[in-house]
Amino acid sequence: MFLAALEATVVGTAMPTVIASLGGLNRYSWVFSAYLLTSTVTVPVWGRLSDLYGRRSLYLAGIVIFLVGSALSGASQTITQLIVFRGIQGLGAGALVPLSMTINGDIYTLRERARIQGLFSGVWGLASIIGPLVGGFLTDTLSWRWVFYINIPFGLAAAAVVGFTLIEPKKATRPVIDYAGAAWLTIAITLLLVVLVESGDATVWSNPLMVPVVVGVIAFAGLFIWTERRAAEPIVPLSLFRNRVIAAGSTTSFMVGAAMFAAITFIPLFVQGALGGTATEAGALLTPLLLGWVVMAVVGSQLMFTIGYRPTVLAGLVLLTASFAVLSTFSQATPRWLLIADMGLMGSGMGLVNFVLIITMQNSVERDRLGIATSLSQFSRSIGQTVGVAVMGTVMTLGLTSHQADIQRTSGLPEAEVARVVHNFSALVDPVARRSLDPALLKAMASALGGALHNVFLTGVIISALALAAGFWLPKRLQPPEGSDDPAAGIPSSAAECERLLMAEMTAMDCDREPEMAEQKR
């Protein structure tokens, strides 16, 4: 968990400097999208394999692949290499968070899971809070390459701890893997991402290859659904979506993931490019977001047993939507303290939503689908992150294009001089390049980037509002998991159910699992 959290925040802070070093601002979002794509499509595969082979060996394999990708990313010489190596990194990252949460579900009862979430949130929070600061410090004092290399010691430590301490019975079941479903899903999402990212250039639609790409998205998505309905052990069991908690929870996770990663990805660019801050300042600005996330994740894991899971989730979504609405009003004249306060508000909303949804989705399914349900929660959020970064990257590119005429008019410089630098907005995040620009041109370019990011944050308002609408779809009253004969089983969805649930020592599902969990703990 520490490894995954560190990766998410360190790289986001350093990316403006990476672009200044390697170039390729027009492919800025691909550095994130390549990682999110591979980590997304492998999540259900890792989850299903762990159900068949056990968590330990698959978890260790994920760490090894992640570290190899980190080392290669740090050694990248071009933006293309970085995108490819980030894809390799993502292959391993797909195992880290969902298998951590599945292991939690294996060895802890519902009440223990809620309590232990404080510890896990603390681990996540420590890495998340120091990640931006470390990432900015390494970028400013050493090199952006060290934001990838720093993963290696933590990864080795995690592998040692898991390898020596996690003991579980061997799995003798012959695996049945839905390779076709995984292939169709990968192709469909990859093609969709190509359409979303490349659509930022209006001329791309004149390319005759775009039509077959769009058709391919639809065709392979259809093949994926057709395959999943017939597979013995589908990668994403469509029958799970008949469970309203799973359906509404996955939709909400999708939207929250899109909004969350937009903040982590584009706020550092806003600070460095539009406000003229350093990488360290950009990293420090993410600290209140992550601190609010950690604190409210701990509060939320307990609050769900006091007022119910549904009010807790809805409260978080209201905070998230309000924070994006405030963010969309910011400009170059906005005081830093207001931006810091808004980041804390945004993090608080995310903290109330994410882990509460995971625990609720886990407890809404039978024991033999625990791994799939946990993976589906992470899968939905990762899909949202991938699509969100691609869509908002497109919005930013379109915004920059629309402001080029304004830059010419505002700067008053000759057209040839403006044209020489206007396509290189990465100069805004390079301190040396900024000093070499004409002051009038620098001011015009920073204003144009600020306007483009304003559109990005408005898109975040829309996405978070859709997440809030999906949250209202969550059932007001939870049914016990299938196979449970205890009507009190489950997490309370409202305050009225809390007292009844708190009278039980544990849920019926946890009672059935107690002997096995006791053996695993020994």
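Values below: all heavy atoms of this structure, side chains included; hydrogens, waters and symmetry mates excluded.
- A75 and Y149 get closest at one heavy-atom pair: N-OH, 3.4 Å.
- Contact between G92 and I65 at its shortest, heavy atoms only, is N-CG2, 3.5 Å.
- Taken from CG in L72 to CG in L67, the straight-line distance is 11.0 Å, to the nearest 0.5 Å.
- The stretch residues 82-101 participates, sequence neighbours left out, in these side chain to side chain donor-acceptor pair (under 3.5 Å) pairs: E7-R86, E7-Q89, Y59-S100, S70-Q89, R86-Q89.
- Taking OG1 from T38 and CD1 from I88, the interatomic distance works out to 9.0 Å, rounded to the nearest 0.5 Å.
- Every side chain to side chain contact (heavy atoms under 4.5 Å, CB included) that P234 has, sequence neighbours left out, goes to D178, E228, A231, P237.
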Donor-acceptor contacts, no H, no angles, side chain residues 251-259, under 3.5 Å, sequence neighbours left out:
{"residue": "T251", "atom": "OG1", "partner": "A247", "partner atom": "O", "Å": "2.9"}
{"residue": "T252", "atom": "OG1", "partner": "A248", "partner atom": "O", "Å": "2.8"}
{"residue": "S253", "atom": "OG", "partner": "G249", "partner atom": "O", "Å": "2.9"}

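- Take T459 and apply the side-chain hydrogen bond (donor to acceptor under 3.5 Å, both in side chains) test, not counting sequence neighbours, and it matches no residue.
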For this session: Run the numbers on H454 and T329 for side-chain contact (heavy atoms from CB on, under 4.5 Å), then give the verdict.
Result: CA-CA 7 Å; H454 169 75; T329 66; over 6 Å; no
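- Separating the CG atom in N354 from the OG atom in S377 is a distance of 7.5 Å, to the nearest 0.5 Å.
- From S328, atom OG reaches atom CG of L453 across 12.5 Å, with rounding to the nearest 0.5 Å.
- Distance check: L185 CG to L223 CG gives 12.0 Å after rounding to the nearest 0.5 Å.
- Here the shortest heavy-atom pairing between S76 and F85 reads OG-CD1, 3.3 Å.
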For this session: Verify side-chain contact (heavy atoms from CB on, under 4.5 Å) between L352 and V356, making sure each step is shown before the conclusion.
Result: CA-CA 7 Å; L352 284 176; V356 172; 6.0 Å; no
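- Scanning both residues, G62 and A95, for their nearest heavy atoms gives CA-CB, 3.9 Å.
- Annotation: side chain of L60 is not in contact with side chain of V64 (no heavy-atom distance under 4.5 Å).
- The shortest non-hydrogen separation linking S464 to L320 is CB-CG, 4.1 Å.
- With contacts defined as side-chain heavy-atom distances shorter than 4.5 Å, the pair F330/L338 qualifies.
- Qualifying side chain to side chain contact (heavy atoms under 4.5 Å, CB included) partners for S250, counting only residues two or more places apart in sequence or in other chains: F241, I246, M361, L376, S380.
- Shown here for R55 and L99, the closest heavy-atom pair between the two residues is O-CD1, 4.3 Å.
- Side-chain contact between M392 and I463 is present, with at least one heavy-atom pair separated by less than 4.5 Å.
- At least one donor-acceptor pair under 3.5 Å links the side chain of W46 to the backbone N or O of L91.
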Problem set entry | Evaluation steps, side-chain contact (heavy atoms from CB on, under 4.5 Å), between L291 and M296 | CA-CA 9 Å; L291 185 60; M296 296 311 293; over 6 Å; no
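- Using a 4.5 Å heavy-atom threshold, the side chains of I267 and F457 count as touching.
- The ring-ring contact (aromatic ring centres under 6.0 Å, His included) test applied to F220 returns W184, not counting sequence neighbours.
- Looking only at distances, no side-chain donor or acceptor of S143 sits under 3.5 Å from a matching main-chain atom of W146.
- Evaluated for a side chain to side chain contact (heavy atoms under 4.5 Å, CB included) with V326, the options L339, D342, V461, T321 yield exactly one hit, D342.
- For the atom pair CE (M101) and OG (S375), the distance works out to 11.5 Å, reported to the nearest 0.5 Å.
- Side-chain contact check for F66 versus L96: some heavy-atom pair is nearer than 4.5 Å.
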